[in-house]
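To start, the structure under review is shown below, and the notes come after it.
Both backbone and side-chain heavy atoms feed into the values below; hydrogens, waters and symmetry mates do not. Keep in mind that what you see is a predicted model, and the values were worked out from it rather than measured. In this chain, residues are counted from 1 in sequence order.
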Amino acid sequence: MKQMTIRAELADYLKKHGTTINQFAEVSKVNSGTISNIINGNRPIAMQQLDRITEGMGLEEGSYYDLYVDECFVHSNPNWRRLRPFLYRCAELDKLECIARVVGIMMDSLSYMPSLFDTAEVFFVQGKHEAAAMLYQSVAESEKYQHSERLALCQYRLFTIALGEDQDANLRAAVKFEGFVNRLDEVDQLNALKDLANTYSALISFQI
């Protein structure tokens, strides 16, 4: 059975619609030479090009992200220049399954962990908490045997993200995080202690 690829999908689209490469280049705003090289397998697809090609084909944003993971990260050596924009786009489109797949691949190399952590921090600030939590979990897992401040900060962020209306879940999150407080720097430690105190105070009030 022939393996589905993005370039094969694009070539089939052009054939079915009787569209030339030059015509599609005008619609997608991707250079005709680039499109030709992509179809012929001579050039990898950049993130922006993928989004423009997808839009030019009239498909939903992110339609080819699963294939993109296979082609760029599973069957070839991933590099951060390609990984970073992909993670950002997945977070924007809430493509959490794609993030999970990519992060699973990145776990094989500890050299990615600092970059993953920095990206998680950006997602956290932007309010993309589910995407951030996936990255924090991966970094925490990779450093679980280290007495690092980054591990503690990951656990602090995960604790913060976990807090919600479910008081039992809040208690479990607080207990899990409590052992990491002393590893934080002075400012984060103070904030963390306040957050823990507020959480336990709310739990007591809830029980009363």
Can you confirm whether Q126 is buried at CD, in the sense that more than 12 heavy atoms of other residues, nucleotides or ligands lie under 6.0 Å from that atom? yes
Just checking E60: does its CD atom have more than 12 heavy atoms from other residues, nucleotides or ligands closer to it than 6.0 angstrom? no
Just how far is it from atom [atom1] of [X] to atom [atom2] of [Y], taken to the nearest 0.5 Å?
| X | Y | atom1 | atom2 | value |
| --- | --- | --- | --- | --- |
| Q48 | L50 | CD | CG | 11.0 Å |
| M113 | S148 | CE | OG | 12.5 Å |
| N22 | S32 | CG | OG | 4.5 Å |
| L190 | D195 | CG | CG | 9.5 Å |
| C72 | N79 | SG | CG | 9.0 Å |
| D188 | L193 | CG | CG | 11.0 Å |

Can you get from V27 to V30 by hopping between Ile, Leu, Val, Met, Phe, Trp and Tyr side chains that sit under 4.5 Å apart?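 Different hydrophobic clusters.
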Where is the tightest heavy-atom contact between [X] and [Y], given as atom of each residue plus distance?
| X | Y | answer |
| --- | --- | --- |
| A192 | L184 | CB-CD1, 3.7 Å |
| R183 | A152 | CB-CB, 3.5 Å |
| L116 | S138 | CD1-CB, 4.5 Å |
| I39 | A11 | CG2-CB, 4.1 Å |
| A25 | N31 | CB-C, 4.3 Å |

Contacts of type side-chain hydrogen bond (donor to acceptor under 3.5 Å, both in side chains), residue K144, not counting sequence neighbours: E141
Qualifying residues under side-chain hydrogen bond (donor to acceptor under 3.5 Å, both in side chains), relative to E178, sequence neighbours excluded: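 In terms of side-chain hydrogen bond (donor to acceptor under 3.5 Å, both in side chains), with neighbours along the sequence ignored, E178 is linked to Y200.
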Short side-chain to backbone donor-acceptor contact, N170 and G164, under 3.5 Å: yes
Between Y68 (side chain) and I45 (backbone), is there a donor-acceptor pair under 3.5 Å?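 Checked: pair present.
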Tell me the ring pair (Phe, Tyr, Trp, His ring centres under 6.0 Å) pairs involving residues 149-174, sequence neighbours left out?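 Residue pairs with at least one partner in residues 149-174: Y156-F177, F159-F177.
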For [X], side chain to side chain contact (heavy atoms under 4.5 Å, CB included) partners two or more places apart:
| X | value |
| --- | --- |
| E55 | none |
| R7 | T5, I38 |
| R89 | M47, D51, E61, Y65, E92, L93 |
| M57 | L10, Y13, F24, I53, L59, Y64 |

Set of salt bridge (Lys or Arg N to Asp or Glu O under 4.0 Å) partners for E143, sequence neighbours left out: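 E143 satisfies salt bridge (Lys or Arg N to Asp or Glu O under 4.0 Å) with R150 only.
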Among F123, F124, Y136, whose ring pair (Phe, Tyr, Trp, His ring centres under 6.0 Å) with H129 holds? F124
Side-chain atoms of residues 101-111: list all donor-acceptor pairs with protein atoms under 3.5 Å, sequence neighbours left out, distances to 0.1 Å.
residue	atom	partner	partner atom	Å
R101	NH1	D66	O	3.3
R101	NH2	D70	OD1	2.5
S109	OG	S111	OG	2.7

When you look at H17 and Q23, which way does the side chain to side chain contact (heavy atoms under 4.5 Å, CB included) test go after all the steps? CA-CA 11 Å; H17 290 79; Q23 288 171 334; over 6 Å; no
Output all residues satisfying ring-ring contact (aromatic ring centres under 6.0 Å, His included) with Y112, sequence neighbours left out; order by chain, then residue number.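 Testing Y112 for ring-ring contact (aromatic ring centres under 6.0 Å, His included), a comparison that skips the adjacent residues, returns none.
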Could you list all the salt bridge (Lys or Arg N to Asp or Glu O under 4.0 Å) pairs where at least one residue sits in residues 113-122, not counting sequence neighbours? E121-R157
Write out all pairs satisfying salt bridge (Lys or Arg N to Asp or Glu O under 4.0 Å) with one or both partners inside residues 76-87, taking only residues at least two apart or from two chains. none
Can you check side chain to side chain contact (heavy atoms under 4.5 Å, CB included) on L151 and F117, steps first, answer last? CA-CA 10 Å; L151 170 60; F117 176 78; over 6 Å; no
Do you know which of H147, Q155, E149 makes side chain to side chain contact (heavy atoms under 4.5 Å, CB included) with F180? Q155
Could you walk me through whether I99 and L135 pass the side chain to side chain contact (heavy atoms under 4.5 Å, CB included) check? CA-CA 9 Å; I99 291 178; L135 304 191; 4.1 Å; yes
